[in-house]
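Only one structure is covered here, and it is reproduced in the block below.
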Amino acid sequence: MGFYNNSTEAFRRITELTGDINISNDFKKEISARGIPIYKGYSIQKRLLFEAEEEKLLSPIDVDKRIMELLEENSKNKVSTNYVDKCSSCEGATKIPPMPNESATSLPTSGSDLDKHKDLNDRELLEKVSLQNQKIINQNKIIIQELRKLNEKVGE
């Protein structure tokens, strides 16, 4: 087996559903509920990674379909829940905060747009720029916090 490149959507989805090197707790719960031994869980994970490497799985939708096929194929117990749907709402799922709506008083995007704000004095214009910079700083803080959380989860 070759080197797994985590840069494609399929690889990221596999990691999200099954875990990284170690199987995630959610995936462990799912395979135990289905009566699948842990070593088969690792086999399912490796099979998905191999198929993604061979470019048989190109999108997250392909990964979702294939993982459900493999789970149902190896299940000893009948389970009515869909693991993919359940995992999409779990904490392991990647969550990107929605982009805030810009108000009509947002700052201009280019220097030529500054002409639209000729009625504002320099102080008001600087306050607008300062407010926009503060919004960017706050967004960056949120992104840094989310990255730290992801790093902690990967390190576990």
Side-chain angles (χ1 to χ4, degrees), residues 1-110 113 128-156:
M1 231 180 254
F3 173 72
Y4 299 126
N5 182 1
N6 238 359
S7 63
T8 66
E9 289 180 9
F11 283 108
R12 284 190 294 262
R13 183 65 176 161
I14 292 168
T15 303
E16 180 182 323
L17 292 173
T18 64
D20 206 356
I21 295 171
N22 297 318
I23 290 181
S24 68
N25 290 333
D26 292 327
F27 192 59
K28 282 181 186 176
K29 288 177 190 174
E30 184 66 23
I31 61 176
S32 67
R34 292 175 178 268
I36 300 172
I38 193 79
Y39 71 89
K40 285 260 189 182
Y42 279 105
S43 296
I44 290 171
Q45 181 188 39
K46 285 184 181 183
R47 183 74 199 165
L48 290 167
L49 291 169
F50 177 75
E51 289 179 10
E53 184 181 64
E54 295 292 314
E55 296 183 352
K56 293 178 184 174
L57 303 174
L58 298 174
S59 70
I61 295 169
D62 296 337
V63 172
D64 292 351
K65 288 178 186 175
R66 185 64 177 143
I67 194 169
M68 289 309 298
E69 287 173 7
L70 291 171
L71 286 172
E72 289 173 12
E73 184 180 296
N74 291 294
S75 289
K76 294 179 181 173
N77 303 335
K78 199 71 172 165
V79 178
S80 61
T81 60
N82 186 340
Y83 173 66
V84 172
D85 293 339
K86 188 168 61 172
C87 193
S88 295
S89 63
C90 69
E91 287 198 24
T94 305
K95 295 176 185 169
I96 298 173
M99 194 167 170
N101 292 333
E102 294 283 331
S103 65
T105 61
S106 66
L107 292 174
T109 55
S110 69
D113 290 338
K128 283 188 171 227
V129 170
S130 175
L131 179 63
Q132 183 182 24
N133 287 342
Q134 189 61 43
K135 287 180 182 178
I136 292 170
I137 290 169
N138 289 339
Q139 289 172 349
N140 288 341
K141 286 179 182 178
I142 293 170
I143 292 169
I144 289 170
Q145 289 172 348
E146 293 297 318
L147 288 173
R148 285 183 180 150
K149 287 179 187 177
L150 287 174
N151 255 351
E152 290 172 3
K153 288 181 182 179
V154 170
E156 292 177 353

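Numbers here simply count residues along the sequence, with the first being 1. What's counted below: heavy atoms across the whole structure, side chains too, no hydrogens, waters or symmetry copies.
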Point-to-point distance, once rounded to the nearest 0.5 Å, from [atom1] of [X] to [atom2] of [Y]:
X: Asp26; Y: Glu16; atom1: CG; atom2: CD; answer: 10.5 Å
X: Thr8; Y: Glu53; atom1: OG1; atom2: CD; answer: 10.5 Å
X: Lys135; Y: Ser130; atom1: NZ; atom2: OG; answer: 11.5 Å
X: Glu9; Y: Ile14; atom1: CD; atom2: CD1; answer: 12.0 Å
X: Asn133; Y: Asn138; atom1: CG; atom2: CG; answer: 11.0 Å
X: Arg47; Y: Ile67; atom1: CZ; atom2: CD1; answer: 13.5 Å

Could you work out, with side-chain contact (heavy atoms from CB on, under 4.5 Å) as the rule, every residue matching [X], not counting sequence neighbours?
X: Glu54; value: Phe50, Lys56
X: Leu58; value: Glu55, Asp62
X: Glu73; value: Leu70

Sequence neighbours left out, cut at 3.5 Å: what donor-acceptor pairs do the side chains of residues 33-40 make with other protein atoms?
residue : atom : partner : partner atom : Å
Arg34   : NE   : Glu30   : OE2          : 2.7
Arg34   : NH1  : Ser75   : OG           : 3.2
Arg34   : NH2  : Glu30   : OE2          : 3.2

Which atom of Ala10 lies closest to which atom of Leu57, heavy atoms considered: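 Of all heavy-atom pairs spanning Ala10 and Leu57, the closest is CB-O, 3.5 Å.
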Working for side chain to side chain contact (heavy atoms under 4.5 Å, CB included), residues Met68 and Leu71: CA-CA 5 Å; Met68 289 309 298; Leu71 286 172; 4.2 Å; yes
Side-chain (Gln45) to main-chain (Gly19) donor-acceptor, under 3.5 angstrom: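 Indeed, once roles are kept as given, a pair shorter than 3.5 Å links the two residues.
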CA sep, side-chain torsions, deciding dist, call: Phe27, Leu17, side chain to side chain contact (heavy atoms under 4.5 Å, CB included): CA-CA 7 Å; Phe27 192 59; Leu17 292 173; 5.9 Å; no
Qualifying residues under salt bridge (charged side-chain N to carboxylate O under 4.0 Å, His left out), relative to Lys149, sequence neighbours excluded: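 Salt bridge (charged side-chain N to carboxylate O under 4.0 Å, His left out) list for Lys149, sorted by chain: Glu146.
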Salt bridge (charged side-chain N to carboxylate O under 4.0 Å, His left out) involving Arg66 - partner list, sequence neighbours excluded: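 Checked Arg66 against salt bridge (charged side-chain N to carboxylate O under 4.0 Å, His left out); matches are Glu51, Glu69.
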